[in-house]
Peer 1: 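Structure incoming, see below.
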Amino acid sequence: MRLQNKVALITGAASGIGRETALLFAREGASVVCADVNDAGGQETVKMIADGGGTAVFVHADVSQAADCQNMVQVAEETYGQLNILFNNAGIMDGRDDDAINTEEDVWDLTMAINVKGVFLGCKYGIPALRRAGGGSIINTASFVALVGAATPQLAYTSSKGAVLSMTRELAVIHARENIRVNALCPGPLRTELLMKFLNTEEKKQRRLVHIPMGRFGEAKEMAAAALFLASDDSSYVTGTEFMVDGGITAAYVTPE
Ligand code: NAD
């Protein structure tokens, strides 16, 4: 088991990447703190872990709120004695997100509050806990859209993920000598609720698929496997990276027929 005796805090653990990662980390021996605004989904994740013989607890947290982020870290330390892995994964893609002309300010502000400030607050309260544990691994979920532009506009989301990447790099440099590694996970387009709600017609789905060399959407499980690598000591010399797990989409100029 690759995460034996480790304590992992995962935001957005009620569904998608967060849930699959929580399940995998628990199978690899970690005690998992599942944080989310979706209480029913988060509790379901905890139940799935418990049913599989693993250890987990749910904590309600809106990552855009400082008090909630402080509390989720406190729950990790009080329940399991320490924090070793922080997965800042919660994020939204608002269906109203559009180009510069058509994106409303409230959509921009909400996207930044959750996707960017949420990562900052997770680190603000999580890093002192990782220091107390003698170091650890932080993984921030960015996206392939931080590296390439899309003609299907989602300006607030794309901008928020760019901020996650630059924040990740600077954090990695600042904390490198403290045995704290900080990496971004950049998923490609996935077959999760978040994206399928956004690409809500067959035409929109096909428009995205045509750009992916592998010709399919990724699975949340495939992101969990990448997160496990970044969380575990297998990646002990890896920090400040933008780890692409995207079916080749950012490498492609022209995709095969
Ligand atoms: P998802 O919608 O299945 O899961 C996101 C989770 O975050 C949900 O459980 C939701 O309740 C939670 N959440 C939303 N707002 C929150 C808040 N304020 N505080 C706490 N939790 C909150 O989507 P997913 O695909 O698993 O997304 C996880 C991450 O991956 C996100 O950061 C997303 O931007 C990123 N991502 C997704 C894709 C994709 O194609 N699905 C691609 C690239 C990046």
Side-chain angles (χ1 to χ4, degrees), residues 9-24 33-46 48 58-73 86-95 97 107 109-122 139-148 150 152 154 156-165 167-168 184-200 204-205 208-209 211-212 216-224 226-227 242-247 249-250:
L9 168 56
I10 300 176
T11 69
S15 109
I17 298 172
R19 170 175 282 176
E20 289 301 334
T21 305
L23 293 170
L24 181 60
V33 179
C34 298
D36 209 292
V37 279
N38 175 355
D39 295 357
Q43 275 150 2
E44 177 66 22
T45 302
V46 166
M48 289 163 83
F58 173 71
V59 57
H60 176 91
D62 176 346
V63 296
S64 66
Q65 303 300 315
D68 285 8
C69 289
Q70 192 167 14
N71 182 58
M72 69 187 186
V73 172
L86 172 62
F87 188 15
N88 290 308
N89 165 72
I92 58 157
M93 188 192 284
D94 196 302
D97 199 354
V107 173
D109 290 343
L110 181 67
T111 304
M112 291 296 164
I114 296 172
N115 293 9
V116 184
K117 191 177 176 191
V119 174
F120 158 66
L121 290 174
I139 305 152
N140 299 325
T141 305
S143 169
F144 75 100
V145 301
L147 289 124
V148 288
T152 314
Q154 42 177 16
Y157 183 80
T158 300
S159 308
S160 75
K161 294 305 187 180
V164 171
L165 274 193
M167 189 176 359
T168 299
L185 174 66
C186 293
L190 304 185
R191 211 167 47 85
T192 58
E193 210 181 314
L194 180 138
L195 187 66
M196 293 307 110
K197 259 197 229 156
F198 186 74
L199 305 177
N200 53 7
K204 284 186 193 167
K205 285 191 182 71
R208 187 61 63 87
L209 275 175
H211 298 290
I212 308 171
R216 65 170 177 88
F217 290 110
E219 301 292 336
K221 277 189 174 147
E222 294 174 305
M223 304 307 118
E242 41 198 60
F243 193 44
M244 309 302 305
V245 190
D246 70 348
I249 193 168
T250 52

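Atoms within each ligand, like the ligands themselves, are counted from 1 in listed order.
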Peer 1: Tell me: protein heavy atom nearest atom 4 (O) of ligand 1, and distance?
Peer 2: Ser15 OG, 3.3 Å
Peer 1: For atom 11 (O) of ligand 1, what's the nearest protein heavy-atom neighbour? Residue, atom name and distance, please.
Peer 2: Asp36 OD1, 2.6 Å
Peer 1: So Pro187 and Thr141, do their side chains get closer than 4.5 Å, heavy atoms only?
Peer 2: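 Yes, side chains in contact.
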Peer 1: Would one find an N or O of Val63, backbone or side chain, under 3.5 Å from an N or O of ligand 1?
Peer 2: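 The answer is yes, given that Val63 and ligand 1 share an N or O pair closer than 3.5 Å.
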Peer 1: Which atoms of ligand 1 have any heavy atom of Leu190 under 4.0 Å away?
Peer 2: 39 (C), 40 (O), 41 (N)
Peer 1: Below 4.0 Å, non-hydrogen atoms only: which portion of Pro187 touches ligand 1? Side chain, backbone, both or neither.
Peer 2: both
Peer 1: Is any side-chain heavy atom of Met112 less than 4.5 Å from a side-chain heavy atom of Lys117?
Peer 2: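 Heavy-atom side-chain distance check fails, nothing below 4.5 Å.
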Peer 1: Could you list the atoms of ligand 1 found under 4.0 angstrom from a heavy atom of Gly188?
Peer 2: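 This gives 40 (O), 42 (C), 43 (C) as the contact atoms.
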Peer 1: Looking only at protein heavy atoms, identify the closest one to atom 5 (C) of ligand 1 and say how far it is in Å.
Peer 2: Gly91 O, 4.0 Å
Peer 1: Among protein heavy atoms, which sits nearest to atom 7 (O) of ligand 1, and what does the distance come to when rounded to 0.1 Å?
Peer 2: Gly12 CA, 3.4 Å
Peer 1: Pairs of nitrogen or oxygen atoms closer than 3.5 Å, one from Thr192 and one from ligand 1: do any exist?
Peer 2: yes
Peer 1: Taking atom CG of Asn89 and atom CE of Met223, what is their separation to the nearest 0.5 Å?
Peer 2: 11.0 Å
Peer 1: Identify the closest protein heavy atom to atom 31 (C) of ligand 1: which residue and atom is it, and at what distance?
Peer 2: Asn89 O, 3.2 Å
Peer 1: What's the separation between atom NE2 in His60 and atom SG in Cys34, rounded to the nearest 0.5 Å?
Peer 2: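 Rounded to the nearest 0.5 Å, the NE2-SG separation comes to 14.5 Å.
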Peer 1: Using a 4.0 Å cut-off to any heavy atom of Gly16, which atoms of ligand 1 qualify?
Peer 2: 3 (O), 26 (O)
Peer 1: Shortest non-hydrogen contact from Asn88 to Val119?
Peer 2: ND2-O, 3.9 Å
Peer 1: Considering the heavy atoms of Pro189, write down every atom of ligand 1 situated less than 4.0 Å from one of them.
Peer 2: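 Taking each heavy atom of Pro189 in turn, ligand 1 has 40 (O) under 4.0 Å.
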Peer 1: Out of Ala224, Gly122, Ser143, who is nearest to atom 43 (C) of ligand 1 when you count heavy atoms only?
Peer 2: Ser143
Peer 1: Is a side-chain donor or acceptor of Thr111 paired with a backbone partner of Ala156 at a separation under 3.5 angstrom?
Peer 2: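 A pair under 3.5 Å: no.
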Peer 1: Heavy-atom distances under 4.0 Å are what count here, so tell me which part of Ala142 touches ligand 1: side chain, backbone, both or neither.
Peer 2: backbone
Peer 1: I'd like to check which ligand 1 atoms, numbered from 1 as shown, lie under 4.0 Å from a non-hydrogen atom of Asp62.
Peer 2: 17 (C), 18 (N), 19 (N)
Peer 1: Should the proximity of Met223 to ligand 1, defined as any heavy atom under 4.0 Å, be assigned to the side chain, the backbone, both, or neither?
Peer 2: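 The answer is neither; Met223 stays 4.0 Å or more away.
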Peer 1: Which protein non-hydrogen atom lies closest to atom 16 (C) of ligand 1, naming both residue and atom, and how far is it?
Peer 2: Val37 CG2, 3.7 Å
Peer 1: Would you mind checking which non-hydrogen protein atom is closest to atom 35 (C) of ligand 1, with the distance to 0.1 Å?
Peer 2: Thr141 CG2, 3.5 Å
Peer 1: Any atom of ligand 1 sitting under 4.0 Å from a heavy atom of Ala61?
Peer 2: yes
Peer 1: Is Arg19 salt-bridged to Glu193, cutoff N-O under 4.0 Å?
Peer 2: no
Peer 1: Any side-chain heavy-atom pair from Leu190 and Leu195 closer than 4.5 angstrom?
Peer 2: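 No, side chains not in contact.
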Peer 1: Should you measure from each heavy atom of Tyr157, which atoms of ligand 1 turn up under 4.0 Å away?
Peer 2: 33 (C), 34 (O), 35 (C), 36 (N), 37 (C), 43 (C), 44 (C)
Peer 1: If you define the side chain from C-beta out and look only at heavy atoms, does anything of Asn115 sit under 4.5 Å from Lys161?
Peer 2: yes
Peer 1: Within a reach of under 6.0 Å around NZ of Lys221, are more than 12 heavy atoms found that belong to other residues, nucleotides or ligands?
Peer 2: no
Peer 1: Of all the atoms in ligand 1, which lie at a distance below 4.0 Å from a heavy atom belonging to Ile17?
Peer 2: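 Reading through ligand 1 atom by atom, the close ones are 26 (O), 28 (C), 30 (O).
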Peer 1: Enumerate the residue pairs fulfilling salt bridge (charged side-chain N to carboxylate O under 4.0 Å, His left out) with a member in residues 33-45, sequence neighbours excluded, ordered by first and then second residue.
Peer 2: none
Peer 1: Quick one: which ligand 1 atoms are inside 4.0 Å of a heavy atom on Ile92?
Peer 2: 14 (C), 15 (N)
Peer 1: What's the spacing between Met72 CE and Leu9 CG if we round to 0.5 Å?
Peer 2: 5.0 Å
Peer 1: Measuring only between side-chain heavy atoms, which start at C-beta, is Leu24 closer than 4.5 Å to Thr21?
Peer 2: no
Peer 1: Do you know which two heavy atoms are closest between Leu121 and Gln65, and how far apart they sit?
Peer 2: CD1-C, 3.8 Å
Peer 1: Can you tell me the protein heavy atom closest to atom 27 (O) of ligand 1 and the distance?
Peer 2: Leu194 CD1, 4.0 Å
